[in-house]
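Report on the structure given below.
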There are 4 protein chains.
Amino acid sequence: MSTLRNKVQLIGNVGQTPEIRNLESGKKVASFSIATNEFYKNSKGEKVQDTQWHNVVTWGKQAELIEKYVDKGKEVAIRGKLTSRSYETQSGEKRYVTEILVNEILFLGNKENADQ
Amino acid sequence: MSTLRNKVQLIGNVGQTPEIRNLESGKKVASFSIATNEFYKNSKGEKVQDTQWHNVVTWGKQAELIEKYVDKGKEVAIRGKLTSRSYETQSGEKRYVTEILVNEILFLGNKENADQ
Amino acid sequence: MSTLRNKVQLIGNVGQTPEIRNLESGKKVASFSIATNEFYKNSKGEKVQDTQWHNVVTWGKQAELIEKYVDKGKEVAIRGKLTSRSYETQSGEKRYVTEILVNEILFLGNKENADQ
Amino acid sequence: MSTLRNKVQLIGNVGQTPEIRNLESGKKVASFSIATNEFYKNSKGEKVQDTQWHNVVTWGKQAELIEKYVDKGKEVAIRGKLTSRSYETQSGEKRYVTEILVNEILFLGNKENADQ
DNA sequence: TTTT
DNA sequence: TTTT
């Protein structure tokens, strides 16, 4: 996988308990969201917070680590690939979802560290 | 701007002539899309291409450089921040758009190089 | 500064109390080292640790934050630029030093968070 | 390999024909240097160029690609890991070398593209 | 010289 | 929906 061509990296906090699905193959898939928070002063000198939410998906062994170690509020660093996919709503409309497929995750600020 | 907390980096090709808008302030905004192409072999050993399309937005001086130098097919490297925003359709439905706000752009493979 | 052309990013632990120097201009300079630790299994299946040490330098307001908040063992994320410089030893020999000039630092896993 | 903990990325030009060594195992090793060029204005408003040289090492299949496709002056993008090692001079002194072990390389601005 |  |  080319991480020079398509790379996302986030350091932020997990929004809620990750959702774990079990595939027929026995593999797990973990889906969760990460908030990245930035603080800066606007043109009036007021402190402003810019929070962005990101959809994140991981597979296999990493999904198992996430099921075990990641919970709401935890600080993580992830590296992955930016992807979009489309699906149809029940009324036949096309919708787009942007997700980050994770290649690597670090659990930060943890004594019981469980990095991949 | 924190590029440790929220960073996207792409190396790819511009999909079409960038769309340039002029703000009332005199500033320009350039919007365009970038395709990132990856090639890999699937489990059957067949060569597969995965192309992802990304929405990219830049402001000010960078938008001017893009108006001058960037055209359909050009190879560029960008670094920016992953953002999402929502808007309402005419029928009152909420839609989400994910865009990359560019902090830096390089024009690759160019003799007449015009990096920011 | 082009972080697309020359970028280093580290997540690791500070080796010892940073050294702070005061320039005549009133500016501060902070120098310290960061250990990055990787764990992997070698060809015999044994768990191996690869630790790399990096020299890191920061200026100005960031150096002040480092003086206040960073100490031996703390986990930090940094982004910067890879630089080399040479100097002469007392016996007239040329020596080379490689250092990372920091653009951004995050203090990780911290309740009393003091990010730049 | 953890590219979140220890990552270097460079976009620059190769300094001279890469040096290729053949290991007893049959593997190849390619060593070369990359110049990264930055342009900025100093406090007097003069245009200044800052060129940094970096030592780069690659192994195996990538070294073969480098032998085939890379030559003096070529523009490349690399991603790798920052490492230092020490050796002894003939007079018994310890010397340190900092090198980037490459994980990924792109050959830029090339019609006959030969990315890994 | 850190950390797990 | 997180965090400071």
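A, B, ... follow the sequence lines: proteins, then strands. Residue 1 opens every chain.
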[X] [atom1] to [N] [atom2]: how many Å, rounded?
X        : N     : atom1 : atom2 : value
C/Leu108 : E/dT4 : CG    : P     : 13 Å
A/Phe32  : F/dT3 : CZ    : P     : 15 Å
C/Glu75  : E/dT4 : CD    : C1'   : 10 Å
A/Tyr40  : F/dT4 : OH    : P     : 20 Å
C/Ile34  : E/dT1 : CD1   : P     : 18 Å
A/Lys74  : F/dT1 : NZ    : P     : 21 Å
C/Leu10  : E/dT2 : CG    : C1'   : 13 Å
B/Asn6   : F/dT4 : CG    : P     : 19 Å

Nearest-nucleotide pick for [X], side chain only, options being [options]:
X       : options             : answer
C/Ser33 : E/dT1, E/dT3, F/dT2 : E/dT1
C/Gln16 : E/dT1, F/dT1, E/dT2 : E/dT1
C/Phe39 : E/dT2, E/dT4, F/dT2 : E/dT4
C/Trp53 : F/dT4, E/dT1, F/dT2 : E/dT1

Please list, in numerical order, the residues of residues 42-50 of chain C that have a heavy atom closer than 4.0 Å to any atom of DNA chain E. C/Gln49
Side chains of C/Asp71 and C/Thr17: do they bring a donor and an acceptor to under 3.5 Å? yes
Using only heavy-atom distances, determine whether the side chains of D/Arg79 and D/Thr3 contain a donor-acceptor pair under 3.5 Å. no
List for me each residue that meets side-chain hydrogen bond (donor to acceptor under 3.5 Å, both in side chains) alongside B/Arg21, sequence neighbours excluded, and say none if there are none. none
Does C/Asn22 have any side-chain hydrogen bond (donor to acceptor under 3.5 Å, both in side chains) partners at least two apart in sequence or in another chain, and if so, which? none
Sidechain N-carboxylate O distance under 4.0 Å for C/Arg95, D/Glu93: yes
What I'd like to find out is whether the side chain of D/Gln52 reaches to under 4.5 Å of the side chain of C/Leu82, using heavy atoms alone. no
Any donor-acceptor pair under 3.5 Å joining the side chain of C/Thr51 to the base of E/dT2? yes
Check if the side chain of A/Asn37 and the base of F/dT2 share a donor-acceptor pair of N or O atoms closer than 3.5 Å. yes
For B/Trp53, is the CH2 atom crowded, meaning more than 12 foreign heavy atoms sit under 6.0 Å from it? yes
